[in-house]
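The analysis underlying the following values was restricted to heavy atoms, covering all of them including side chains, and did not include hydrogens, waters or symmetry mates.
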Amino acid sequence: MFDDLDLDALRSRPGVKWAKARPGVLPAWIADMDFPAAAPIRETLERQATGVLGYPTWIEEPETHPLRAAFAERMRSLYGLTFDPAHVRVYTELIQSLQIVLHVATRPGDAVAMHTPSYPPFLRTLTDMKRRLVPIPMADDGTGWTFDAERLADDVARTGCRALVLVNPHNPTGRVLTHEELAAIAEIAERHDLLVVSDEIHAELTYAPHRHVPFATLSPDRTVTLSSASKSFNLAGLRCSVAHIGDARVRRALDAQPPALFGEVSFLSVLATLAAWERGDAWLSETRHILTRNRRLVADGLPSGIRHHVPEATYLAWLDCRKLGLGPDPSRFFLDHADVLLSQGPTFGPGGEGFTRLNFATSAPVLEEILTRVRTAVEHRTGT
């Protein structure tokens with residue numbers, strides 16, 4: 001199933017990943033997997049689509065929403081984190097969750113810290129909402145990606161920072177922050193009364209021996225945890241996410257809003273997420289096995305001149321192309337000379353120039369062709 005992907009079928013898909021690629025181009029940009037959804041998810045959607053599509057039972061009683069208890073159980077079983085399911089909210093996607101939390105917990109002009117480079121929609125969110133970015137630069141120390149906690153503490157104090165958006169596992173570098181690193185952030189958050197909004201959407205795509213530590217295990221009362229089945233189970237198009245609101249101040253602010261102001265998640269999206277969390281783990285285990293192999297294919301298949309650290313989580317490789325002299329946006333070179341569509345490094349903000357991001361969640365034959373094209377283009381340029 002995972003390696004038996006037909007190129008013609010992929011090109012005919014309606015999703016943006018393949019639709020954006022012109023004929024002959026192989027896309028490896030946006031964070032969608034090429035793998036078909038797990039059988040329990042497909043069966044659930046097919047069965048429900050031929051049945052009743054009326055109002056769900058929880059529309060008048062939000063406290064009975066099934067994703068509240070399902071997410072609480074998921075976090076307990078995977079990480080030993082326990083919390084009150086009543087503190088979970090359901091939104092259409094992670095970006096919406098972030099924007100809603102920032103809307104009720106911060107004001108225009110407030111400073112918000114975030115590791116950079118960072119997921120472009122998060123950067124756009126801060127710009128659109130007129131929040132000031134306080135960068136937490138990710139630095140390559142020769143063995144991997146790290147950051148300076150002392151600098152973070154100084155920058156938070158200097159800017160009067162109000163919140164910290166934590167992306168862990170980190171996109172685009174694929175770092176999984178250690179317990180010690182998270183504890184340092186928790187201490188800074190406590191000292192400066194920071195709200196921590198923790199995006200943990202890639203947590204279930206963490207590779208052994210690395211281990212995901214939910215930030216709420218360290219600072220439960222000032223953390224909002226954002227998650228979704230969309231990345232680990234390839235369901236982005238269904239638009240469904242959850243937010244555990246550990247901070248009572250944010251819960252009160254949310255409860256003061258009109259109940260339907262932020263919209264409702266579709267019935268089918270909820271059922272698909274439940275099917276993923278309750279019956280999709282065998283598929284997820286096989287997916288992680290394939291992705292573990294694929295990240296090794298990337299590490300072994302990149303040409304000389306491109307530097308990268310094998311990601312500890314995600315299916316995204318952050319490629320340092322600066323030694324090749326391809327300019328601030330190397331993705332343009334690979335599109336023009338390799339017919340490979342990658343993500344544009346500069347859109348990831350500070351630290352993104354000279355980089356590009358490669359999505360390796362595809363079949364081995366497609367990935368090997370992508371890497372062959374990248375190598376050939378670089379070898380032609382360098383004469384090697």
Side-chain angles (χ1 to χ4, degrees), residues 1-6 9-10 12-15 17-18 30-59 64-79 81 85 88 90-94 97 169 200-208 212 225-244 264-294 313-315 359-364:
M1 175 180 70
F2 293 93
D3 281 337
D4 189 23
L5 298 177
D6 180 77
L10 290 172
S12 66
R13 289 182 176 181
K17 179 182 180 181
W18 284 84
I30 198 169
D32 266 347
M33 299 189 207
D34 285 336
F35 311 135
I41 298 170
R42 299 198 307 271
E43 291 163 1
T44 295
L45 294 176
E46 290 166 1
R47 180 172 60 251
Q48 194 62 41
T50 60
V52 177
L53 293 174
Y55 290 116
T57 56
W58 60 84
I59 191 169
T64 68
H65 199 296
L67 285 186
R68 290 185 167 191
F71 182 56
E73 173 56 23
R74 188 83 177 164
M75 296 297 281
R76 185 204 63 79
S77 64
L78 291 178
Y79 310 112
L81 174 62
V88 175
V90 182
Y91 298 113
T92 60
E93 61 172 332
L94 204 110
S97 303
E200 302 182 11
I201 197 170
H202 285 104
E204 294 190 42
L205 296 174
T206 298
Y207 307 108
H212 175 70
T225 302
L226 308 183
S227 190
S228 172
S230 63
K231 295 304 179 191
S232 49
F233 289 94
N234 204 31
L235 302 177
L238 289 181
R239 320 300 271 177
C240 184
S241 72
V242 290
H244 170 242
E264 296 284 346
V265 175
S266 82
F267 182 38
L268 293 179
S269 301
V270 172
L271 294 182
T273 300
L274 288 172
W277 285 345
E278 294 172 355
R279 293 180 286 124
D281 282 341
W283 181 94
L284 180 57
S285 178
E286 180 64 16
T287 298
R288 277 197 296 260
H289 175 76
I290 294 296
L291 294 178
T292 298
R293 179 205 64 190
N294 283 5
T314 81
Y315 45 82
N359 172 354
F360 55 82
T362 189
S363 68

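- Here the closest non-hydrogen pair linking Thr206 and Pro169 is OG1-CG, 3.8 Å.
- Remark: Trp58 pairs with His65, Phe267 by the ring pair (Phe, Tyr, Trp, His ring centres under 6.0 Å) rule, at least two apart or across chains.
- By the ring pair (Phe, Tyr, Trp, His ring centres under 6.0 Å) test, Phe71 pairs with Phe83, Trp277, sequence neighbours left out.
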TODO: Give the intermediate values and the outcome of side chain to side chain contact (heavy atoms under 4.5 Å, CB included) for residues Leu226 and Tyr91.
DONE: CA-CA 10 Å; Leu226 308 183; Tyr91 298 113; over 6 Å; no
TODO: Just do the salt bridge (Lys or Arg N to Asp or Glu O under 4.0 Å) check on Arg13 and Asp32 with the steps written out, would you?
DONE: CA-CA 12 Å; Arg13 289 182 176 181; Asp32 266 347; over 6 Å; no
Open item on the list: Set out, in order, the CA-CA distance, both residues' side-chain angles and the distance that settles side chain to side chain contact (heavy atoms under 4.5 Å, CB included) for Leu45 and Leu268, then state yes or no.
Closed with: CA-CA 7 Å; Leu45 294 176; Leu268 293 179; 4.0 Å; yes
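- By the salt bridge (charged side-chain N to carboxylate O under 4.0 Å, His left out) test, Arg239 is found to be paired with Glu93, residues two or more places apart in sequence or in another chain being considered.
- Considering only heavy atoms from C-beta on, Lys231 stays 4.5 Å or farther from Thr314 through its side chain.
- Expressed to the nearest 0.5 Å, how far CZ of Phe35 lies from OG1 of Thr362 amounts to 6.0 Å.
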Task: Derivation of the side chain to side chain contact (heavy atoms under 4.5 Å, CB included) call for Met75 and Glu200 - done: CA-CA 11 Å; Met75 296 297 281; Glu200 302 182 11; 4.2 Å; yes
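- Partners of Arg288 according to the side chain to side chain donor-acceptor pair (under 3.5 Å) rule, which considers only residues two or more places apart in sequence or in another chain, do not exist here.
- Contacts classified as side-chain hydrogen bond (donor to acceptor under 3.5 Å, both in side chains) and involving residues 38-48 (residues at least two apart or in different chains) are given here: Thr44-Arg279.
- No side-chain heavy atom of Asn294 sits less than 4.5 Å from a side-chain heavy atom of Tyr315.
- Sorted by first then second residue, the side-chain hydrogen bond (donor to acceptor under 3.5 Å, both in side chains) pairs that include residues 265-276, not counting sequence neighbours, are Ser266-Ser269.
- The local environment of CG in Asp6 is crowded, with over 12 non-hydrogen atoms from other residues, nucleotides or ligands closer than 6.0 Å.
- Ring orientation note: the planes of Trp283 and Phe233 are close to parallel, at an angle under 30° on the 30°/60° scale.
- Distance CG/Leu94 to CD1/Ile201: 4.5 Å, rounded to 0.5 Å.
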Task: side chain to side chain contact (heavy atoms under 4.5 Å, CB included) evaluation trace for Leu10 with Leu5 - done: CA-CA 7 Å; Leu10 290 172; Leu5 298 177; 4.1 Å; yes
